[in-house]
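Below is one structure, written out as structure tokens; comments come after it.
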Protein chains: 2
Amino acid sequence: MRNRNTAPRKPRTPAQGAGSPQRPRHREGGGYARGEHTRRRLLDAGIELFAELGYERASTRAIARRAGVSLPALQYYFGGKEGLHRACAEYITEDVRARLGPAAERVRMALGRDDLTRAELLDLLRAVVEPFLEGLAMERPESWALFFARAQGEQNAAFDAIFQQIGGRLLTLVAEIIGRILARPAASPEVAIRAVIIVGQLTLVRRARPLILRALGWPDFDGERLQTLKEVIWRAIASSLR
Amino acid sequence: MRNRNTAPRKPRTPAQGAGSPQRPRHREGGGYARGEHTRRRLLDAGIELFAELGYERASTRAIARRAGVSLPALQYYFGGKEGLHRACAEYITEDVRARLGPAAERVRMALGRDDLTRAELLDLLRAVVEPFLEGLAMERPESWALFFARAQGEQNAAFDAIFQQIGGRLLTLVAEIIGRILARPAASPEVAIRAVIIVGQLTLVRRARPLILRALGWPDFDGERLQTLKEVIWRAIASSLR
DNA sequence: CCAATTTTCTATCGATTGATATAAATCTGT
DNA sequence: ACAGATTTATATCAATCGATAGAAAATTGG
């Protein structure tokens, strides 16, 4: 009935600085076991629901409920909804990066030789592209890939972080291999465009997932069908590089 | 202060049947000039804001404000937010269909011959693919393509309608041409997948636009650069079909 | 066991959302 | 100009949202 404050307040913005409020105020050295547990539960529930419903539809209440914790716990650990979302993105990014890193490093080493045949270069491309396709889009819980797709579609701040960590490295690596195959400088527009196209094709598997499934009349990507999909995509990529 | 109704109401669901409440209650034969005008304004504003912010973030108030009409006008003409969204999808769909239709018909006629060479088939593919690329992704306001992308990402009901009207036809047509080129049945998974990939590549130009620009170090797609982009994409598509 | 810290819970706030009731304003056909 | 239909505008509703206050409960080190 009565307003305590006549000035128009903005309670939607977090009280803490806009920097990174996701860490609670507890001491650095601290870290109770129970706290870390609910923190993890919130991350899992957040990834699931953000992926399932998108950022807006996933309410903090629903996330807290699925995590089995109370609503203020979300504020306490992540500073707010946006903080949780960013934390989810970082959580996923770190895992994918760890998964993609070794393969990328091996490929980068192999690229040191300058007498690689076309077949060898194609193998290298596959070596860097396949873990990406499997890791990001398939192996991990579907919610992870969906989270990524949502972040990209919604143009969240989370997308920038994810892209710079993963997409950027992948793109430069792919461009380098393609440049070799096409015998053009990796920095040339043609090579860069084709690198983007190829990487884009992979993400398409997730982004246009409902479209693909419906076009094929498939209920889902499972087992053999997934194998077929990967094989066809790869053949298309390989045959396009001449 | 006091509730008029003790029973828990659900005012979020539209009062009319869930069927298609977007048409106002005015007589069929009616149709005042002024009404049609604000109806169109709401459609334009809806497409813009749905594309800009996504379905959830685009509030009915913001849409009405941008359209320059009052809030209840939205309810009056489209029965509610969901109705407006569906109407926007149909509006876009109808335009694209009209734009795509003639070319598709011509290609379908040409496909009647069964002695087409590879080069001729590639020309046909380009004839059906280029209007799509130009019409949906370039010529029309960016918001249209964004609206489409959002609908797919959010798995809205609008996506179903759009897909069946446009995506379906385009895909089956492309699949038919590709099937001929690859000498495989158009209904085979391999051909269907490659059709999806090719069509998807085209939409990438819009959807991954910031990504492409950043990778190329270009400030924007203008004139010659756009031509280069199209040419590279097309060469990649053509050379992948062997 | 105790004091300090960390974690959780209940209750509630203010803002915004989609939708509606209701009446005034506008337009159409006669 | 008038009656009836159509269109617009004002004011408000109930629900839900993210966030917070403040106290209770739990955990830790001493």
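Chain letters run A, B, ... following the sequence lines, proteins first and then strands; every chain starts at 1. These numbers come from the heavy atoms of this one structure, side chains and all, not from hydrogens, waters or symmetry mates. From a predicted model like this one, the values you see are computed outputs, not experimental measurements.
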task: In whole angstrom, give the distance that lies between atom OH of Y76(B) and atom P of dT6(D).
output: 6 Å
- prompt: What distance separates H85(B) NE2 from F147(B) CZ, expressed to the nearest 0.5 Å?
  reply: 3.5 Å
- prompt: Taking CZ from F50(B) and C1' from dG18(C), how many angstroms apart are they, rounded to a whole number?
  reply: 12 Å
message: Is there a side-chain contact between T38(A) and the phosphate of dT8(C), meaning an N or O under 4.0 Å from OP1 or OP2?
response: yes
statement: Note: contacts of residues 63-74 of chain B with DNA chain C (heavy atom, under 4.0 Å) are L71(B), P72(B)
- prompt: Any sub-3.5 Å donor-acceptor pair from K230(A)'s side-chain atoms to E130(A)'s backbone N or O?
  reply: no
message: Rounded to whole Å, how long is the line connecting atom CD of Q75(A) with atom P of dG14(C)?
response: 17 Å
query: Can you tell me how far C1' of dT16(D) sits from CD of E56(B), to the nearest Å?
result: 12 Å
message: What I'd like to find out is whether the side chain of L216(B) reaches to under 4.5 Å of the side chain of V196(A), using heavy atoms alone.
response: no
- request: Would you indicate whether the side-chain heavy atoms of E94(B) and E90(B) approach each other to under 4.5 Å?
  value: no
- prompt: How close or far is atom P of dA19(D) from atom NZ of K81(A), stated in whole angstroms?
  reply: 8 Å
message: Side chain of S59(A), heavy atoms from C-beta onward: which of dA19(C), dG18(D), dT8(D) has the nearest atom to it?
response: dG18(D)
message: Applying a 4.0 Å non-hydrogen cut-off, can you work out what A58(A) is touching in the nucleic acid: base, sugar-phosphate, or nothing?
response: sugar-phosphate
query: Side chain of R61(B): nearest nucleotide among dA19(C), dT8(C), dT8(D)?
result: dA19(C)
field: Stems involving DNA chain C, each a run of at least 3 consecutive Watson-Crick or G-U pairs under 3.5 Å
entry: C:1-30 with D:1-30
message: Rounded to whole Å, how long is the line connecting atom NE2 of H85(B) with atom P of dT17(C)?
response: 17 Å
- prompt: Cut-off 3.5 Å, side chains only: do R39(B) and Y76(B) have a donor facing an acceptor?
  reply: no
- request: Could you tell me whether the side chain of R86(A) reaches within less than 4.5 Å of the side chain of F78(A), counting heavy atoms only?
  value: no
message: Can you list everything that forms a side-chain hydrogen bond (donor to acceptor under 3.5 Å, both in side chains) with E105(B)? Sequence neighbours excluded, please.
response: none
field: For atom CZ of R57(A) and atom P of dG18(C), their distance in whole Å
entry: 12 Å
query: Expressed in angstrom and rounded to an integer, what is the separation of E36(B) atom CD from dT28(C) atom P?
result: 13 Å
Side-chain (K81(A)) to main-chain (L74(A)) donor-acceptor, under 3.5 angstrom: no
- prompt: For L43(B), which of I92(B), L84(B), I63(B) qualifies under side chain to side chain contact (heavy atoms under 4.5 Å, CB included)?
  reply: L84(B)
